[in-house]
Amino acid sequence: MAVTDADIALALRLADAAGAAIRPRFRAEHGLEAKEDQSPVTLADHEAEAAMRKLIIAERPMDGIIGEEFGVREGTSPRQWVLDPIDGTRAFISGRATFGTLIALIENGWPLFGIIDQPIINERWLGVMGRPTLFNGKPASTRRCRELKQAILGTTSPALFTDDQLHAFEHLDAEVMSTVLGGDCYAYGCIASGWMDVVVEAGLKLHDFAALVPVVEGAGGRMCDWQGDPLHAGSNGEVIAAGDPARVEEILEILACRGH
């Protein structure tokens, strides 16, 4: 089923609603708590997802919802809205505007479109499969990277890797010009806009990466897992994003050295 203008309009309204819930909590009382896995969650996470879910249920009652905070709502259509109200809660509670709201629509497990929205500095990437990615309404484009030694590499935190994954990442780190830590979903927007070249991560869930795929690929990049396969609902959470698809095979070869 093709993405319609009405689908995109609803997604943009979801981003607006999430931003309206998040902004009053930024650098203010945010009600920090710890989840069972000890990751942080705030009132802003809950309020933003609740606002988005309310709109979806009202306007797309047949579609399913997969949300980081409130779980799965089963639907009767092959489509699901995938929501991460604040991707980068640690950045949010630290007063840093490098977090984002992620909104994706998937069908039979495959991403159709995605939004990365940064509601504090008002930056928004919209990616629709088969269309050019837009950054604040204007076309975004990744940049060429002729060799890895020219690349800026990013990852959220080395602590999120297993020992083998970290070993592989360190091999890649040794081959690039510079590595930056932090950024969460914002780093993928930076790839789409041609400011970074590669992001490599592991341990991600569907709500962490579903929205990123259309954004990066619609800007000319490529996303895949550490085996080079496309990302979908069944992916294992190992993620590569490359602004220049020509570098992917080299990245895969280097990451394959885990444990060696």
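Scope of the values below: all heavy atoms of this structure, side chains included, with no hydrogens, waters or symmetry mates. On a predicted model such as this, the values are computed, not experimentally measured, just so you know.
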S.K.: Roughly how far, to the nearest 0.5 Å, is OG of S178 from CD of Q150?
M.R.: 13.5 Å
S.K.: With no hydrogens and no angle check, is any side-chain donor or acceptor of Q165 less than 3.5 Å from a backbone partner on T162?
M.R.: yes
S.K.: Can you find a heavy atom in the side chain of L181 that is under 4.5 Å from one in the side chain of T155?
M.R.: yes
S.K.: Hey, is the main chain of A140 close enough, under 3.5 Å, to the side chain of S193 for a donor-acceptor pair?
M.R.: no
S.K.: Hey, could you give me the CZ/CG distance between F99 and D184, rounded to the nearest 0.5 Å?
M.R.: 10.5 Å
S.K.: Is the shortest side-chain heavy-atom distance between L172 and E170 below 4.5 Å?
M.R.: no
S.K.: State, yes or no, whether a side-chain contact exists between E249 and I254 at a heavy-atom distance under 4.5 Å.
M.R.: no
S.K.: Test your reading of the model: is there a side-chain donor-acceptor pair from T98 to the backbone of G183, 3.5 Å cut-off?
M.R.: no
S.K.: Given side chains that start at C-beta, do those of D197 and C145 come closer than 4.5 Å, heavy atoms only?
M.R.: yes
S.K.: To the closest 0.5 Å, what do you measure between SG (C185) and CD1 (I116)?
M.R.: 5.5 Å
S.K.: Could you check whether E47 pairs with R25 (Lys NZ or Arg NE/NH1/NH2 to Asp/Glu carboxylate O, under 4.0 Å)?
M.R.: yes
S.K.: Please tell me if the side chains of V200 and W226 come closer than 4.5 Å, counting only heavy atoms from C-beta onward.
M.R.: yes
S.K.: Using a strict 4.0 Å threshold on nitrogen-to-oxygen distance, state whether D16 and R124 make a salt bridge.
M.R.: yes
S.K.: Under a 3.5 Å distance rule, please check whether R143 uses its side chain to pair with a backbone N or O of G194 as donor and acceptor.
M.R.: yes
S.K.: Would you call R146 and D244 a salt bridge, using N to O less than 4.0 angstrom?
M.R.: no
S.K.: Using distance alone, with no hydrogens and no angle criterion, decide if D45 and T89 have a side-chain donor and acceptor under 3.5 Å apart.
M.R.: yes
S.K.: Assess the side chains of S235 and D225: does a donor N or O sit below 3.5 Å from an acceptor N or O?
M.R.: no
S.K.: Hey, what do you get for CZ (F169) to CG (D164), rounding to the nearest 0.5 Å?
M.R.: 15.5 Å
S.K.: Answer whether the closest heavy-atom distance between the side chains of R13 and L55 falls below 4.5 Å.
M.R.: yes
